[in-house]
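Scope of the values below: all heavy atoms of this structure, side chains included, with no hydrogens, waters or symmetry mates.
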Amino acid sequence: MGDRLTFAYGPGVDISYRVVGRGPTPVVFVHGFAAALTTWDDIAPLFPAERFTLYLIDLKGFGFSSKPCTGSYAIEEQAAVTAAFIKSMGLSHVILTGHSLGGAIVLLVTLQARDRGDTGLVARLILVACSAYPQKLPRLMGWLRIPLLARIGMALIPVRTIVRYTLARVFHDTRAITPERIRRYERCFGRRGMAGVLIRSARAIDPGSYGAITARYREIDVPTLIVWGKEDRIVRIGQGKRLAEEMPDARLAVLDGCGHNPHEERPRETFAAIMEFLGNGEEREEGSGRSWREARR
């Protein structure tokens, strides 16, 4: 894919990103917790280069982005990183796409743009297994919130073992846990300073603070596609159904036999749902193993 580039977010903080395609429609991709822009490697090549330009970013601390030892790793900070990136690229009317915790980040970016009166920033939202509501934290994230235990564990346990353990809980179809995918995540987990980033990011997640944000989802009136794996064990499908009901112009696409990472586990079906959404949005594809729920107001 495209060359790895950097954007200067602040003193000593460079954000890594890639640009794919040359089309008139900008799509900004925001990955989830303990991931990187490489999480989109399976689905990005499916987008027609003449129609879309994809901007894939490594959030602060993740992938090849800087990993400062000071400063915040809260979702508010990552939302500020994302908004600053969009501004630096001179983009408007973007299709803002987020997976898992990245979904919470793009929702916050959209609300903050609305508060500034910047209604032209986000044209559409695509939320993939979005962490939209308070819930019990996944086991790995809970473990990371205990700094001493987390540092000892990450120092003693091989990175490959941690990756295998994590992917086995994220993916429903274990055939998708290929050697290449394991190497992809090893490169993410294994970088210098990553332990501190994961610990500080996990500790910055405050489910109790979500209330002020979740109460405002009804204000987000841009067309929204919500994609969910029916067998997601990390963020249960009930969150997707609730989100589709609360957002005024949202639809929910449910992928059968799929876990928490539809864009990796079922990239072609996820892409088909996205393209249908970006087209007239009314067609149904039969016999694909995909069931649809739609909520509109």
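Under the 3.5 Å distance criterion, the side-chain polar atoms of E246 are left unmatched by any main-chain donor or acceptor of R218. A donor-acceptor pair under 3.5 Å is absent between the side-chain atoms of S92 and the main chain of L121, judged by distance alone. Although no hydrogens or angles enter the test, the distance criterion places a donor-acceptor pair under 3.5 Å between the side chain of T224 and the main chain of V222. Between the Q239 side chain and the A132 main chain, a donor and an acceptor come within less than 3.5 Å of each other. When atom types are taken as modelled, the side chain of K60 and the backbone of S72 share a donor-acceptor pair closer than 3.5 angstrom. H99 contributes a side-chain N or O that, together with a main-chain N or O of H260, makes up a donor-acceptor pair within less than 3.5 Å. Remark: the backbone N or O of I57 is not paired with any side-chain donor or acceptor of W40 at under 3.5 angstrom. R266 places a side-chain N or O within donor-acceptor distance of the main-chain N or O of G257, the cut-off being under 3.5 Å. R18 contributes no side-chain N or O that, together with a main-chain N or O of L37, makes up a donor-acceptor pair within less than 3.5 Å.
Residues A129 and D232 share a closest heavy-atom pair of CB-OD2, 3.6 Å. For E265 against V170, the heavy-atom pair with the smallest separation is OE1-O, 4.4 Å. Residues A79 and V109 approach most closely at O-CG2, 3.5 Å, considering heavy atoms.
Between D115 and R216 there is a salt bridge, with a side-chain nitrogen of the basic residue lying less than 4.0 Å from a carboxylate oxygen of the acidic one. Using a cutoff of 4.0 Å between basic side-chain nitrogens and carboxylate oxygens, R200 and E77 are not scored as salt-bridged.
Y185 does not carry R181 over the face of its six-membered ring by the limits of under 6.0 Å from the centre and within 45° of the normal.
To the nearest 0.5 Å, the span separating CG on L198 from OH on Y73 amounts to 10.0 Å. For the atom pair CD1 of I126 and CG of L225, the computed distance is 6.0 Å after rounding to the nearest 0.5 Å. For the atom pair T25 OG1 and E50 CD, the distance stands at 10.5 Å (nearest 0.5 Å). Taking NZ from K230 and SG from C258, the interatomic distance works out to 12.0 Å, rounded to the nearest 0.5 Å. Rounded to the nearest 0.5 angstrom, I220 CD1 and L108 CG are separated by 9.0 Å. With values rounded to the nearest 0.5 angstrom, F64 atom CZ is found 4.5 Å from R4 atom CZ.
For CZ of R116, the number of neighbouring non-hydrogen atoms (other residues, nucleotides, ligands) closer than 6.0 Å is greater than 12. A 6.0 Å sphere centred on CZ of R51 holds more than 12 heavy atoms belonging to other residues, nucleotides or ligands.
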- prompt: Which is it for E180 and R187 under the salt bridge (charged side-chain N to carboxylate O under 4.0 Å, His left out) test, yes or no, and what are the steps along the way?
  reply: CA-CA 11 Å; E180 170 54 32; R187 289 191 289 269; 3.6 Å; yes
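Taking the six-membered ring where the residue is Trp, the centroids of Y133 and Y217 are separated by under 6.0 Å.
Judged purely by distance below 3.5 Å, without hydrogens or angles, the side chains of D58 and S65 never pair a donor atom with an acceptor atom.
Classification of the F29-F47 ring pair by plane angle, with boundaries at 30° and 60°, yields perpendicular. Note on ring orientation: taking the six-membered ring where Trp is involved, the planes of F85 and Y17 are perpendicular (angle over 60°, cut-offs 30° and 60°).
Checking D41, T39, D42 one by one against H263, the side-chain hydrogen bond (donor to acceptor under 3.5 Å, both in side chains) holds for a single residue, T39.
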